[in-house]
Each structure stands twice: as C-alpha cells, then as structure tokens.
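A note on names: the letters A, B, ... follow the listed sequences, proteins ahead of strands, and every chain is numbered from 1.
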Amino acid sequence: MPVEIDIVKVAALARLALTEEELDTFGSQLGDILEHAERVQALPTDGVPPTSHPLPMVNAFREDVTAECLDRESFLRSAPDTAGGQFRVPRILA
Amino acid sequence: MTGPDIADLADLTIAEAGTGLRSGDFTSTDLLAAVTKRASATEAHLHAYLTLDHEGSTRAAEAADASFAVGEDRGPLQGIPVALKDNMCTLGIETTASSKILDGWIPPYDATIVTRLKAAGAVITGKTNLDEFAMGSSTENSAYGPTRNPWNTDRVPGGSSGGSAAVTAVGSALGSFGSDTGGSIRQPAALTGLVGMKPTYGIVSRYGLIAFASSLDQIGPFSRTVEDSVLLLETISGFDPKDATSINAPVPNFGGSLGRGVSGMRIGVVTEFLNGDVIDSQIIAATRGMADKLQDAGAEIVEVSLPSTEYSLSAYYLIAPAECSSNLARFDGVRYGHRSNVEGTTEDMMSHSRAEGFGPEVIRRILLGTYALSAGYYDAFYGQAQRVRTLVRREFASAYEQVDALISPTTPTTAFAIGEKSDDPIAMYYSDLCTIPSNLAGDPAISVPIALDDAGLPIGFQVMAPALGEEVMYRVAAYVERLAGFTARASLATSEVVAP
C-alpha cells in the first residue's frame, strides 16, 4: 500500500513553492517510494543503537589559533543582492 | 617531441604517462594536447564535460614541464591531465553541481582535493557532468542535459559521476574524480569499463565537496587500471583539519600488496548479490567465473550471507534524502545561486527560488527527507533506518572476522538505455543495490571491469574490504584485473570520430 502523506504540509516545511500539478505528481511518487522504504520497519531492531555516522569519533578539536579567512568581498561577489557589505533580502514580514 | 605519435598519448595509463614524462619522451603539454584533441573529437557525442579550463590547464601543464626541466618531482600526478566532477569547488572556475540553482556560480575557494592536486602538479582539464547534486544513477538528471556512454551512445554512462566516467573511458582525461554516496563512482565505472573506487569514509577530505549526504559521501578516483587508482587515491588522501570527519591518522600504504596475488586469502562471495531475481544472469555468470578463477589461483572462496543488506536500499533511501533535505536548505536565494523574481516576503522568495532552481529528482529527495525527519514520523522512518544501518555494519564486521575481503557484482545490469528508467524512480534506485551497503558501513570498495556482455557492454566486479583495508582491497582488485585480462576500449575511444 502506498503511504498516505500530507504533501502540502511537507512541501511547506521544505520551503518549496510547488504547483498543484507538481504536488499531485510528487505526492503519489513519494507514497510509492515510502512503501518500499517502509520495509525497514520489518526488521526487528529492539535494543539496536542508531548509526548516524560510520566513524567511531565524537568530537574533532582544533588548536584555538587565529588563521587567515577569505575576505568578505569574495563571498558577496556571488550573492544575488547586497547592500552595505551585507546580503540583502526582500521584506521579512508579510 | 620525440616519442610516440601524439594521438596515442590520450590512450596511455597514468603510470605509463608518468614514465614517459620522466624519460623525456613527451611533455605534459603534449599530453594535454592529446586529451584536448580527444575531447574535441568526442564531446559532441558524449557531453561529458560541463567546463573545459583551457587557460588553467595550459598553465598547469607548462608549470609541470618547467618542474621536470629542473628535476623537481612532486609525485606521480605531476603533469597528468585529470578531470573533476562538477560538485567540487574550484577557485575561479564555475561550479554548478549540474543544477540551475548554481548556474554561473564561481567558488571563492578550492576544495581540499583541488588544493592537493595542484600541489602535486596535476593538470586539471575541467569539470564533468553529473546527476544534479549527485542524485541519480544515470547522469540524466543534469540540468545541462545527459552524458552518453562512450561504449554505446544510446546508453547511459551510469551516475551520478557519469561525466567523470565518460572522460576517462574515452581518453579526454587520463584519470578523473567522482563522489560516491550510494555507488556514484563504482556504478558508472562498471557501466563504462573502468576501475572506480570509493575509499574508507574519512580518508579523503570532503571540504569543498558540495554536500549531498554527509555521513555517506566520499570522493574517489576513476582510472583505466588498478595501479592508476592507487596513484590517484594516494595523492588526495590524508588528514584535513577543515573536514571534521577526516581521519587523523597516517594514510595506509594502499599499493603495498599489489603484486602479492591472492594465494592463502579467504574471500567471501555475497550470496544475496547472486540472486537471479534481481541480478542479470550474465553478470552472475561472470561473477561466479571470476570467483572460480580466484579459487584456482589459491584463494579460499566461501559464500557469505549478509541478510540485512536486503534492507540496505530501503534504509539508504531514508538516510540519504534526510541528510540531503538538511544540506540543501542552504540554497535559498540569499547568499549565492538563483533568486526568484516572484514578489513577496523573504520566505516567498526562498520557496520560489528553490522550486525554480531544483530539478525533479532533487525536489523528490528533499520532500522525502523532509517527511522522514518530520514530527511523528522521525522514529518510524529515519530512526529505524539508522538502526538498520547499525545492523548492516555489524554484519560486515562479523563477515570480516571470517574473510579478508568480499566480492560481488557491482551492478544488477550493464548500461541501460537513455530514458529507460527516467520515469520510474524506484527502478532507478535499484541500480545501486550492490554498492549501497559499503556506504552505509563506511568501508572501501572498488569496481574492476572483468568482461563484456552479449551486447558488448562492460560488466563490473566489486571487491569490498573493512574500513582502512584499502591495501587488501587493492591486492584482490589487482589480481582480478590480471585474471580478467580486460583490454577492450570504448568504441568512441578507438574509432575515428566525426562530428555529428
């Protein structure tokens, strides 16, 4: 059975402005893919810890020393819009 | 130049080219001219390169020649033309990850792999095509159009590193680099008759690799031979403080056992990947045939069952999209990349920029990952997938207590037709059935070409080893290469090519 999902809500969470038609297509494809993905639930995993990462490492520390970093201009150059040495965006509130 | 005809230089291996450069038979500039000529003859048929950096590569070749002239030698890649998948940041050279959302983006820095290649005197020819953000198995998901297979241009070259596979297969670079999240190096290597290798997670820095799924992604090499694979991997490996997941330990001696053969080794054939319901019968026959040859050569071959690998594909298609939905949140039209012209608030701008800039497969995976991570579904989907990942790792670890290495087919089929699976995401996902488990485990794995099928398309053979077991993996792979005696070349690399 394809998995029923609230595709409108998921698209909103993902910040994707999709058309009605796209929502229909992706919603039905996702239902089919999740039907396959759901198979993981068939495997008993009581007491099995999750793996988030393949290496047995917890933290990666560096010496606390100052180093060169890239200059601001080199980053602002590829921004869609800037003002006063900062990124500029449309209004925040509706 | 005093050596062989310049048209032949594009067909040299990296090891052969290195010998020729050092004995003065030809120069790096000659090598670059040969691969550039090959690119001019084949690109109209293949579309493997997105960007050719003529200026930078010419300068690098001249610098390498100047180094050789004064006896300066920075290692086996000095003066060698190599190509990079276009998801690796190159200072001053457009980097798109084959997405419209990054169209025209010029990175302000080099990825660590690029810094290392430059320091080693390598000549970077250009940037190669991929499935958008490395999501796909055919290179059909590129916003700039598909790459074709140099063995048969009606077929896909595999993916997502299909451009890097095609350039090395055809000789428009002597070697190349891809990234492998679920098989994106090994699968296209298998489909184009190349050696393709995914290293142990953490051996190669991911700094400057545009992230897809951070706990799975690794950069690795494409080459025509196993020896070349070692030379490419050696140059890019090692600790990098800029990547928090980089292993802070000396790099293993990858090529230390290349000539040792397999006598006395215990090698396991993965039973689940010899199942005729999911793997093509010619591929199963070729795999079994090679296992028999390894046995005749003195290895002990045993069947090993890894039952939870049957759930690997499902787990992968939850973990990778979950990480991708998080990683790709950065593409929001604020700091770089496409910004929508739709009027509205910043949030409207972000939602429209993303919907306009991402292609369908990327949107599909972002939605899937967002769902798998959302409140109420997290534990049943993402959490369960992570626990299955633990089971896969445990099974591999216990298998490696019994055997030195594991072998299997690399792919369920040889190169499929362009368009054949593009409307069926699930069928496409099955292309990575045999390669995904090594990504989940974080272990090294390599594909070596061993035969052609009835349609004249290459069959890949996979060798897997435990984490940091590259030396053992290469030892087996080198012997497989020798036993297979695979010398066939892609038709586009050998025929007189005319512009269409």
Chemist: Using 4.0 Å as the upper bound for N to carboxylate O, is an ion pair formed by B/Arg387 and B/Asp379?
Modeler: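 B/Arg387 and B/Asp379: salt-bridged.
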
Chemist: With a 4.5 angstrom heavy-atom cut-off, could you sort out which part of B/Ser325 is near chain A: side chain, backbone, both or neither?
Modeler: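 Looking at B/Ser325, nothing touches chain A.
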
Chemist: With a 4.5 angstrom heavy-atom cut-off, is it the side chain or the backbone of A/Arg77 that approaches chain B, or both, or neither?
Modeler: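 Contact with chain B involves no heavy atom of A/Arg77 at all.
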
Chemist: Which bit of A/Asn59 is near chain B, if near means a heavy-atom gap under 4.5 Å: side chain, backbone, both or neither?
Modeler: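 For A/Asn59, there is no contact with chain B at all, as no heavy atom is under 4.5 Å.
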
Chemist: Heavy-atom distance under 4.5 Å to chain A: side chain of B/Pro360, backbone, both or neither?
Modeler: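 Answer is both: backbone and side chain atoms of B/Pro360 are under 4.5 Å from chain A.
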
Chemist: If you round to the nearest 0.5 Å, how far is OH of B/Tyr430 from NE2 of A/His36?
Modeler: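 With rounding to 0.5 Å, NE2 (A/His36) is 5.5 Å from OH (B/Tyr430).
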
Chemist: Heavy-atom distances under 4.5 Å only: say whether B/Ile426 touches chain A with side chain, backbone, both or neither.
Modeler: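 Side chain only.
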
Chemist: Below 4.5 Å from any heavy atom of chain A, which atoms of B/Leu318 appear? Answer side chain, backbone, both or neither.
Modeler: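 Only the side chain of B/Leu318 comes within 4.5 Å of chain A.
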
Chemist: Report, as yes or no, whether the 6.0 Å neighbourhood of atom OH on B/Tyr377 holds more than 12 heavy atoms from other residues, nucleotides or ligands.
Modeler: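 No, because the 6.0 Å sphere around OH of B/Tyr377 holds 12 heavy atoms or fewer from other groups.
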
Chemist: With a 4.5 angstrom heavy-atom cut-off, which part of B/Ala315 approaches chain A: side chain, backbone, both or neither?
Modeler: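 Its backbone and side chain both get close to chain A.
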
Chemist: What part of A/Pro44 lies closer than 4.5 angstrom to a heavy atom of chain B: side chain, backbone, both or neither?
Modeler: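 The backbone, not the side chain.
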
Chemist: Out of B/Gln384, B/Met349, B/Glu347, return the one with the most heavy atom pairs under 4.5 angstrom to chain A.
Modeler: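 With the most close heavy-atom pairs to chain A, the winner is B/Gln384.
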
Chemist: Need one label for B/Tyr429: side chain, backbone, both or neither, based on atoms under 4.5 Å from any heavy atom in chain A.
Modeler: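 Just the side chain, heavy atoms under 4.5 Å.
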
Chemist: Ring-plane angle category for B/Phe331 and B/Phe133, please: parallel below 30°, perpendicular beyond 60°, tilted otherwise.
Modeler: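 Tilted: the ring planes of B/Phe331 and B/Phe133 meet at 30° to 60°.
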
Chemist: For A/Arg62, is it the side chain, the backbone, both, or neither that has a heavy atom closer than 4.5 Å to a heavy atom of chain B?
Modeler: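 Interface part for A/Arg62: side chain.
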
Chemist: Please classify the contact between B/Thr245 and chain A as side chain, backbone, both or neither, with a heavy-atom cut-off of under 4.5 Å.
Modeler: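 Both the backbone and the side chain of B/Thr245 come within 4.5 Å of chain A.
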
Chemist: Who wins among A/Thr25, A/Thr82, A/Leu55, A/Asp81 for the most heavy-atom pairs under 4.5 Å with chain B?
Modeler: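 With the most close heavy-atom pairs to chain B, the winner is A/Leu55.
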
Chemist: For B/Arg335, is it the side chain, the backbone, both, or neither that has a heavy atom closer than 4.5 Å to a heavy atom of chain A?
Modeler: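 Contact with chain A involves both backbone and side-chain atoms of B/Arg335.
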
Chemist: With a 4.5 angstrom heavy-atom cut-off, could you sort out which part of A/Leu16 is near chain B: side chain, backbone, both or neither?
Modeler: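 It is both, since atoms from each part get that close.
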
